[in-house]
Amino acid sequence: MVINMSEKLRVGILGGTGMVGQRFISLLENHPWFEVTTIAASPRSAGKTYEEAVGGRWKMDAPMPEAVKKIVVMNVNEVEQVAAEVDFVFSAVDMTKEEIKKIEEDYARTETPVVSNNSAHRWTPDVPMVVPEINPEHMDVIRYQRERLGTKRGFVAVKPNCSIQSYAPVLTAWKEFEPYEVVATTYQAISGAGKTFADWPEMEGNIIPYIGGEEEKSEREPLRIWGHIDEEKKAIVPAESPVITCQCIRVPVLNGHTAAVFVKFRKKPTKEQLTEALTKFSGAPQQLGLPSAPQQFIRYCEEENRPQVALDVMYENGMGVSVGRLREDTVYDWKFVGLSHNTVRGAAGGAVLCAELLKAQGYITKK
């Protein structure tokens with residue numbers, strides 16, 4: 001699907017000066033469907049050009065795109081003014097949960113779709129939380145959300161936490177074998193906290209065995225993704241299994257969340273069946289040919305020492321999941337190691353893919 005420039009959807013980035021906002025801006029450079037026309041941030045950045053507002057805090061490897069440098073940053077709290085400039089927005093605002101909930105719904109009520117990287121709305125019953133390869137049908141709950149908000153085109157949709165991307169897709173690919181009990185430990189990069197080593201020198205050569213709120217998200221969010229829409233409740237009802245228990249550890253890596261995972265299955269699959277299920281697994285983004293979709297979502301690495309952050313984090317431009325070290329376990333049935341890019345697939349890239357899906361499904365259109 002080729003779209004000429006005049007037909008590109010106008011995108012606003014809420015919270016465009018932070019690390020995830022910067023990742024959105026770099027991923028959307030030369031996007032075939034979307035064009036960043038508006039950037040909104042806190043009042044202290046408003047009125048400056050994007051280049052001035054970010055100053056020396058540009059954290060991406062690639063240079064700041066020329067197209068955004070001279071965009072004058074708007075005040076994210078001036079909802080009507082920002083909404084008037086765009087067809088939809090990505091949200092990466094840094095506020096309290098309650099403030100985020102309110103501002104995202106305020107944007108939705110201006111008939112502006114909001115695709116959010118934030119966690120605030122992940123458990124709002126009529127807000128879809130989607131990994132496009134896994135649960136694209138959850139977008140159907142938007143019709144109930146629009147009833148509640150009194151909107152015709154505005155809504156909020158979210159993507160899940162970065163920590164689950166290296167194992168929830170794997171467990172989804174293995175659904176036919178009925179995984180019922182999972183132990184996962186995630187080794188999470190510092191960019192997940194919006195930091196680089198320059199900002200967080202105490203992380204060099206260090207591990208911190210605590211990331212606030214992360215273990216609860218890692219245990220519960222996959223179940224919501226595997227849930228279903230209850231038409232009576234007008235809500236997503238989470239699945240009840242598999243039971244997941246998780247530990248989340250911050251490690252001295254810039255980008256890439258690794259997970260070490262143990263699984264019990266009701267059916268007893270072979271290694272060949274498990275690896276074949278991974279490599280064959282695909283979903284709506286691949287079928288629809290969405291611009292940011294990885295061609296192969298999950299790959300299996302045969303080498304004993306893979307996946308590695310240094311070698312594998314940018315697999316499929318950071319949108320794929322790498323799995324390795326699949327072997328039988330003495331306590332559980334099987335164990336494996338997964339790796340995903342936390343700010344690409346796990347954050348901004350996952351949200352961009354959600355927006356592409358929403359456009360393909362007809363939820364995001366020109367105003």
Side-chain angles (χ1 to χ4, degrees), residues 8 11-42 44-45 48-74 76 89-94 115-118 159 161-163 165-166 188-201 203-204 250-258 291-294 309-322 339-356:
K8 282 193 183 187
V11 179
I13 313 283
L14 311 181
T17 55
M19 186 177 255
V20 174
Q22 292 177 25
R23 178 67 74 183
F24 272 120
I25 281 164
S26 58
L27 288 175
L28 291 167
E29 187 179 16
N30 304 319
H31 191 283
W33 297 1
F34 308 145
E35 185 175 9
V36 177
T37 57
T38 304
I39 301 170
S42 64
R44 70 175 176 273
S45 296
K48 298 175 182 171
T49 64
Y50 185 65
E51 195 173 24
E52 290 166 349
V54 172
R57 293 180 297 111
W58 181 255
K59 293 176 177 174
M60 302 295 108
D61 292 334
M64 184 184 290
E66 289 298 323
V68 299
K69 286 184 176 176
K70 300 294 178 255
I71 291 178
V72 176
V73 177
M74 297 180 76
V76 73
V89 296
F90 288 112
S91 174
V93 291
D94 183 15
V115 181
S116 180
N117 182 67
N118 295 306
K159 50 139 287 293
N161 202 44
C162 51
S163 63
Q165 313 280 342
S166 49
Q188 298 188 205
I190 64 172
S191 57
K195 301 260 203 305
T196 63
F197 286 109
D199 313 321
W200 204 0
M203 268 311 297
E204 291 202 32
R250 187 74 74 195
V251 294
V253 163
L254 181 60
N255 294 308
H257 287 359
T258 301
S292 300
V309 169
L311 300 176
D312 300 307
V313 77
M314 286 310 294
Y315 168 61
E316 289 278 14
N317 299 313
M319 289 296 286
V321 177
S322 297
L339 170 68
S340 59
H341 195 304
N342 55 297
T343 67
V344 182
R345 168 58 77 162
V352 170
L353 193 61
C354 282
E356 293 169 358

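Remember, it's a predicted structure, so these values are computed and weren't measured experimentally.
For the residue pair Arg345 / Ser340, no side-chain donor-acceptor distance below 3.5 Å is found, with atom types taken as modelled.
By the 4.5 Å heavy-atom criterion applied to side chains, Met19 and Thr196 are counted as neighbours.
We find the CZ-NZ distance between Arg23 and Lys59 to be 12.0 Å, quoted to the nearest 0.5 Å. A distance of 4.0 Å separates CD of Gln188 from NE2 of His257, quoted to the nearest 0.5 Å. Taken from CG in Leu339 to CG in Asp312, the straight-line distance is 6.0 Å, to the nearest 0.5 Å. Here the CG atom belonging to Leu14 is positioned 13.0 Å from the CG atom belonging to Asp94, to the nearest 0.5 angstrom. Taken from CD in Glu316 to NE2 in His341, the straight-line distance is 14.0 Å, to the nearest 0.5 Å. Distance check, rounded to the nearest 0.5 Å: CG of Asn255 to CE of Met60 gives 7.5 Å.
Closest of all the heavy-atom pairs between Lys159 and Ala347 is CD-O, 3.0 Å. Between Val115 and Cys354, the shortest heavy-atom distance links the atoms CG1-CB, 4.2 Å. Ala193 approaches Trp200 most closely through the heavy-atom pair CB-CZ3, 3.8 Å. When all heavy atoms are compared, the tightest approach of Ser45 to Val73 is O-CB, 3.6 Å. In plain terms, the two heavy atoms of Asp199 and Gly194 that are nearest each other are OD2-O, 4.1 Å. Smallest separation of non-hydrogen atoms from Asn118 and Ser91: ND2-OG, 3.0 Å.
Residues satisfying the ring pair (Phe, Tyr, Trp, His ring centres under 6.0 Å) criterion with Phe24, sequence neighbours excluded, are Phe90. Under the ring pair (Phe, Tyr, Trp, His ring centres under 6.0 Å) criterion, Phe34 pairs with His31, Phe88, not counting sequence neighbours.
At distances below 3.5 Å, not a single donor-acceptor pair connects side-chain atoms of Lys8 with backbone N or O atoms of Pro32. Between the side chain of Gln22 and the backbone N or O of Arg57, at least one donor-acceptor pair lies under 3.5 Å. For the pair Ser191 (side chain) and Leu254 (backbone), a donor-acceptor distance under 3.5 Å is present.
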Using the side-chain contact (heavy atoms from CB on, under 4.5 Å) rule, take Thr17 and Tyr50 through it: C-alpha gap first, then chi angles, then the decisive distance, then the call. CA-CA 8 Å; Thr17 55; Tyr50 185 65; 4.1 Å; yes
Begin with the C-alpha distance, continue with both residues' side-chain angles, and end with the deciding distance and a verdict on side-chain contact (heavy atoms from CB on, under 4.5 Å) for Ile13 and Leu28. CA-CA 10 Å; Ile13 313 283; Leu28 291 167; 3.8 Å; yes
Evaluate the side-chain contact (heavy atoms from CB on, under 4.5 Å) criterion for residues Thr258 and Val251: first the C-alpha distance (whole Å), next the side-chain angles of each, then the deciding distance (0.1 Å), finally the verdict. CA-CA 10 Å; Thr258 301; Val251 294; over 6 Å; no
